[in-house]
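Have a look at the structure below, then the notes.
The analysis underlying the following values was restricted to heavy atoms, covering all of them including side chains, and did not include hydrogens, waters or symmetry mates. Labels below follow one simple rule: chain letters A, B, ... track the order of the sequence lines, proteins then strands, and each chain is numbered from 1.
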Protein chains: 2
Amino acid sequence: MTDGVAERSRPRDRILETAQDMFHKHGIKGVGVDAITEAAGTNKMTLYRHFESKDELVIECLRATAAKASRIWDEFEARHPGDKLAQLHAWVQKASELLSVDSRGCDMANAAVELTEADHPARRVIKELKEAQREKLVALCRDAGIGQAELLADTLSLLLEGARVSMQSVGAEGPSAQFVRMAESLIASFRAR
Amino acid sequence: MTDGVAERSRPRDRILETAQDMFHKHGIKGVGVDAITEAAGTNKMTLYRHFESKDELVIECLRATAAKASRIWDEFEARHPGDKLAQLHAWVQKASELLSVDSRGCDMANAAVELTEADHPARRVIKELKEAQREKLVALCRDAGIGQAELLADTLSLLLEGARVSMQSVGAEGPSAQFVRMAESLIASFRAR
DNA sequence: TCTAAAAGTTACAGACCGGTAACACCCTAG
DNA sequence: CTAGGGTGTTACCGGTCTGTAACTTTTAGA
């Protein structure tokens, strides 16, 4: 009779994990703190003892998501130590796997779409995290020996971001279905010159 | 002393136009019907006499947006009659113009991100409209004499969709800044083979 | 075992939401 | 001039939202 999401961890961890999951699935404005705490097997007061507001919880969730993504990058290095080109291909492969398994795309991009207020506290965090990810991909492309590393990295970024949002509007059979082919031929053409 | 948004048109038209603008700027869940009717210089009862629900209003707004986009396509044909390749370049140019002028991206994609319920009435409309746009771009590529027209059209779609969402998370100086260069070299490479 | 912190419980405040009812008004078509 | 449809106004319903107060229970460490 386990709790599924909850298990027996500390309330703060359960709240954070549950909130990540629910924000991801239903959007930030689509889920209230009551629903989160109930799903996490706790209550609202406990949430507000650990997070000073819903916005702050959102930010913590985004940071946690980025940390998970970072762990995936560590896997690339572990599986293909030193071989940056193989890591780049692994990146494409992993991106397409996630596309086929999850139809809700990137939490940070989705949050940016939802939180339209220019001064929303989450916006600067989103920008920071996205910029860090961009730099990582640029570095990977450069270390893989590609000339115009920034341009390739940015193109791959836009393709992936587009695929993730396209899935949500037209579904998996839309343009996003060809993501791997696009990305691979793009890498090939950048390597050729 | 004009009303700005309102002028002296019929309440229904004012509501539709104002709602389009406000949904676009602040998101669907970010604006209430009260705010819309007030900005449109009318009241809630009048809105509900013309639209049976907020969801229905959202759908009408999406259709109106798609109709505006369709008028832009008519411009391409008017400016470059018969020259499909020139129209494709015009499409790239226009897309980048819109990117630099408006940072909130595509209403349909944004709505798909916000409205997470799988059976939301707006979702099927979004899918229909997006599929229609996809077919238009595929036809344009094919008529421009490009071999793998579907693949080029889908790649361009993902690039643009990605650019529009990337702008919202990292801003205009991010990867989306290179959209024109990416799109043009992509077209060139498809034409070359 | 005793204590203190963490967590649970209940109730509530105050705001906003989508949607409706009842009624008064105005403007135009006949 | 008059009838009637479109519009404006006010008030309200039931629900949901974030966030807080006050109090009780559980848990864990010395």
Side-chain angles (χ1 to χ4, degrees), chain A residues 1-20 22-23 25-62 111 114-117 119-123, chain B residues 1 3-20 22-23 25-62 111 114-117 119-123 125:
Chain A
M1 195 150 122
T2 57
D3 255 14
V5 179
E7 290 300 320
R8 266 322 104 186
S9 52
R10 292 199 153 130
R12 187 182 196 279
D13 298 332
R14 277 181 284 152
I15 289 169
L16 201 55
E17 198 174 338
T18 308
Q20 267 185 269
M22 295 184 75
F23 286 150
K25 282 181 187 155
H26 311 113
I28 293 167
K29 295 189 180 173
V31 50
V33 291
D34 273 318
I36 293 171
T37 55
E38 192 192 328
T42 178
N43 55 73
K44 197 158 47 168
M45 269 314 302
T46 299
L47 186 151
Y48 280 105
R49 284 185 190 114
H50 289 287
F51 305 93
E52 57 175 36
S53 67
K54 182 185 179 182
D55 285 347
E56 213 56 45
L57 173 62
V58 167
I59 288 172
E60 289 299 309
C61 285
L62 292 175
E114 258 192 294
L115 308 175
T116 61
E117 304 98 331
D119 61 343
H120 192 289
R123 293 198 73 86
Chain B
M1 202 154 126
D3 257 13
V5 179
E7 291 297 323
R8 266 321 105 184
S9 51
R10 289 196 153 133
R12 187 182 198 281
D13 298 331
R14 277 181 285 152
I15 290 170
L16 201 56
E17 197 174 340
T18 308
Q20 266 185 270
M22 295 183 75
F23 286 150
K25 283 181 186 155
H26 311 112
I28 293 168
K29 295 188 180 172
V31 50
V33 291
D34 274 316
I36 293 170
T37 54
E38 192 191 327
T42 177
N43 55 71
K44 200 158 47 168
M45 271 313 305
T46 300
L47 187 152
Y48 280 103
R49 284 184 190 115
H50 289 288
F51 305 93
E52 57 176 35
S53 67
K54 184 186 178 182
D55 285 348
E56 214 54 45
L57 173 62
V58 167
I59 288 172
E60 289 299 311
C61 286
L62 291 176
E114 259 193 293
L115 308 175
T116 60
E117 305 99 330
D119 61 342
H120 192 289
R123 293 196 72 87
V125 177

With side chain to side chain contact (heavy atoms under 4.5 Å, CB included) as the test, would you mind laying out the steps for F23(A) and L62(A) before giving the verdict?
CA-CA 10 Å; F23(A) 286 150; L62(A) 292 175; over 6 Å; no

Start with the C-alpha gap between L115(B) and E117(B), add the side-chain angles, then the distance that decides, and say whether side chain to side chain contact (heavy atoms under 4.5 Å, CB included) holds.
CA-CA 6 Å; L115(B) 308 175; E117(B) 305 99 330; 4.3 Å; yes

Whole angstrom is fine here: how far is it from CZ in R12(B) over to C1' in dG5(D)?
17 Å

Within the structure, does a side-chain N or O atom of T42(A) lie under 4.0 Å from either OP1 or OP2 of dA7(C)?
no

Starting at the 5' end of nucleotides 10-30 of chain D, put B wherever the base has a protein heavy atom under 4.0 Å, S where only the sugar-phosphate does, and a dash everywhere else.
--------BBBBB--------

Atom CZ of R10(A) to atom C1' of dA5(C): distance rounded to whole Å?
12 Å

Is it true that a side-chain atom of K29(A) and a backbone atom of E114(B) form a donor plus acceptor pair closer than 3.5 Å?
no

CZ of F51(B) versus C1' of dT20(C): gap in Å, rounded?
18 Å

What donor-acceptor contacts under 3.5 angstrom involve side-chain atoms of residues 34-42 of chain A, with partners at least two apart or in another chain?
residue	atom	partner	partner atom	Å
T37(A)	OG1	V33(A)	O	3.2
T37(A)	OG1	D34(A)	O	2.9

Expressed as a whole number of angstroms, how long is the span from E38(B):CD to dC16(C):C1'?
14 Å

In sequence, state the C-alpha distance, the side-chain angles, and the governing distance for R49(A) and K44(A), and then conclude on side chain to side chain contact (heavy atoms under 4.5 Å, CB included).
CA-CA 9 Å; R49(A) 284 185 190 114; K44(A) 197 158 47 168; over 6 Å; no

For dT7(D), does either OP1 or OP2 sit under 4.0 Å from a side-chain N or O belonging to H50(B)?
yes

Go through the steps for E60(B) and L16(B) under the test side chain to side chain contact (heavy atoms under 4.5 Å, CB included), then give the verdict.
CA-CA 8 Å; E60(B) 289 299 311; L16(B) 201 56; 3.7 Å; yes

Under 4.0 Å between a side-chain N or O of T46(A) and OP1 or OP2 of dG8(C)?
yes

